[in-house]
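Take a look at the structure below.
Indexing begins at 1, ligand by ligand and atom by atom, following the structure's order. Computed from a prediction, not measured in an experiment: that's the story for all the values here. For the numbers below, each heavy atom of this structure counts, side chains included, while hydrogens, waters and symmetry mates do not.
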Amino acid sequence: MKEVVLTGIRSNDEPTLGNYIGAFLPMAAQAKQHSEQYAVHMFVPDLHSITTPIDYSQLHTRTMRNLSLFVACGLPLDNDSIYIYRQSYIPAHSELTWILDNFTGFGELSRMVEFKDKSAKLDNDRVSVGLFNYPVLMAADILLYGAKWVPVGEDQRQHLEFTRTIAQRLNNQFGLDLTLPETIEKQQEFVGRAAAPRIRSLKNPAKKMSKSVDDPAGTILLSDNPNDAYKKVMSAATDDVGAVHFDWDAQPGITNLLVILASLTNTPQDEVNEHWTGTTQYGEFKKHVAQSVYDCLEDLQTRIASVDTGAIEQHLQKSEQHMNQQANKTLLAVQKAVGLRT
Ligand code: TRP
């Protein structure tokens, strides 16, 4: 049995250029690379999507659109070691969550930083029990398939630790044999290299480019008209240093553009930096970046439109059938352990 590499790909917001460079492209490339040695699980945590208020009428469409985007980024649908599936199509995720809930402390979940952050942004009556319970569902996602490799970002450290804790707790109490995911340090080693680039807002380069903050001029959506995107780059905030340098502290706006240019032209960062360092003509530099963004969107939008959605549906059905079988095995072992089945 191949070891499992498991990644959850959220689809709450409309994807931005930042998501494309920082997540979609590297994830599609890694999935292909890992599939030689591992079983690669890429699933859409759609049950997690409803833990905060969203436009529910769009959830299903958005999920399919994000999957099309992955395929447009090179994720293969015909690779036997890559499984793409939707969490809500595998009821064992919800079932196991409920059982794990009863071995999870209220205090334990209350200490989760992500919960505190997210709930602080919502009116009190909109902070749902689902949001509180988010880490338990995430633990179920991982434990059902015995995934050792869950390459998440630093922001998911506590959730990963929790998954290890709850698995260990059940193993100790019931003599179960749930596989613990590796620690976040091991996960980071596993992914290797520097983390994927994090693209900042074009208007406020101190902040991440994000659809969820109201920053239309600083955010390029993958659905933007390429001409509009070009203009957004041309009016990106820079600085009055007067010459281009790669320096996140002193010149975050310029540096952000250097990173975008390197990513979109598939050129090593050093090479791009070398070419532009010292240039005093910000306008000329911006035109190059703007053109690379224009070309990227135009090409990507064509590719997304030509993705075979029927093939995605077929892949989903096949994967989900297979995953239901796998997940139900783990679920049954846990159900037996806690006396729900004999
Ligand atoms: N919480 C993850 C994130 O915010 C998404 C996610 C849900 C996930 N379930 C998971 C990631 C299981 C890895 C494994 O990115």
E3-Q37 side chain donor-acceptor pair, cut-off 3.5 Å
no
Between Y145 and ligand 1, which part of the residue brings a heavy atom under 4.0 Å of the ligand: side chain, backbone, both or neither?
neither
Which atoms from ligand 1 have a heavy atom of V150 less than 4.0 Å away?
13 (C), 14 (C)
Report the relative orientation of the aromatic rings in F190 and W149; use parallel for angles under 30°, tilted for 30 to 60°, perpendicular for over 60°.
parallel
Please could you name the atoms of ligand 1 that F43 approaches to less than 4.0 Å, counting only its heavy atoms?
9 (N), 10 (C), 12 (C)
Check this for me: does any side-chain nitrogen of one of E114 and K118 sit under 4.0 Å from a carboxylate oxygen of the other?
yes
How about N172: does its CG atom have over 12 heavy atoms from other parts shown lying under 6.0 Å from it?
yes
Tell me if the aromatic rings of F43 and Y145 count as close, with their centers under 6.0 Å from one another.
no
Shortest protein contact, atom 1 (N) of ligand 1 (heavy atom only)
Y134 OH, 2.7 Å
Just jot down the ligand 1 atoms closer than 4.0 angstrom to any heavy atom of D141, in number order.
7 (C), 9 (N), 10 (C), 12 (C)
Nearest protein heavy-atom contact for atom 14 (C) of ligand 1: which residue, which atom, what distance?
L6 CD2, 3.3 Å
Give me the residue, atom name and distance of the protein heavy atom closest to atom 4 (O) of ligand 1.
R10 NH2, 2.5 Å
For the residue pair W276 and F285, categorise the inter-ring angle as parallel (less than 30°), tilted (30 to 60°) or perpendicular (more than 60°).
tilted
Taking the ring of H322 and the ring of Y85, is the distance between their centroids below 6.0 Å?
no
For ligand 1, which part of Q156 has a heavy atom less than 4.0 Å away: the side chain, the backbone, both, or neither?
side chain
Can you tell me which residue and heavy atom of the protein come closest to atom 11 (C) of ligand 1, and the distance to 0.1 Å?
G8 N, 3.6 Å
Hey, are K232 and D224 close enough for a salt bridge, meaning a charged N less than 4.0 Å from a carboxylate O?
yes
Find all atoms of ligand 1 within a distance of less than 4.0 Å from any non-hydrogen atom belonging to H48, and give their numbers and elements.
7 (C), 9 (N)
Ligand 1-proximal atoms of V152, by part, heavy-atom distance under 4.0 Å:
side chain
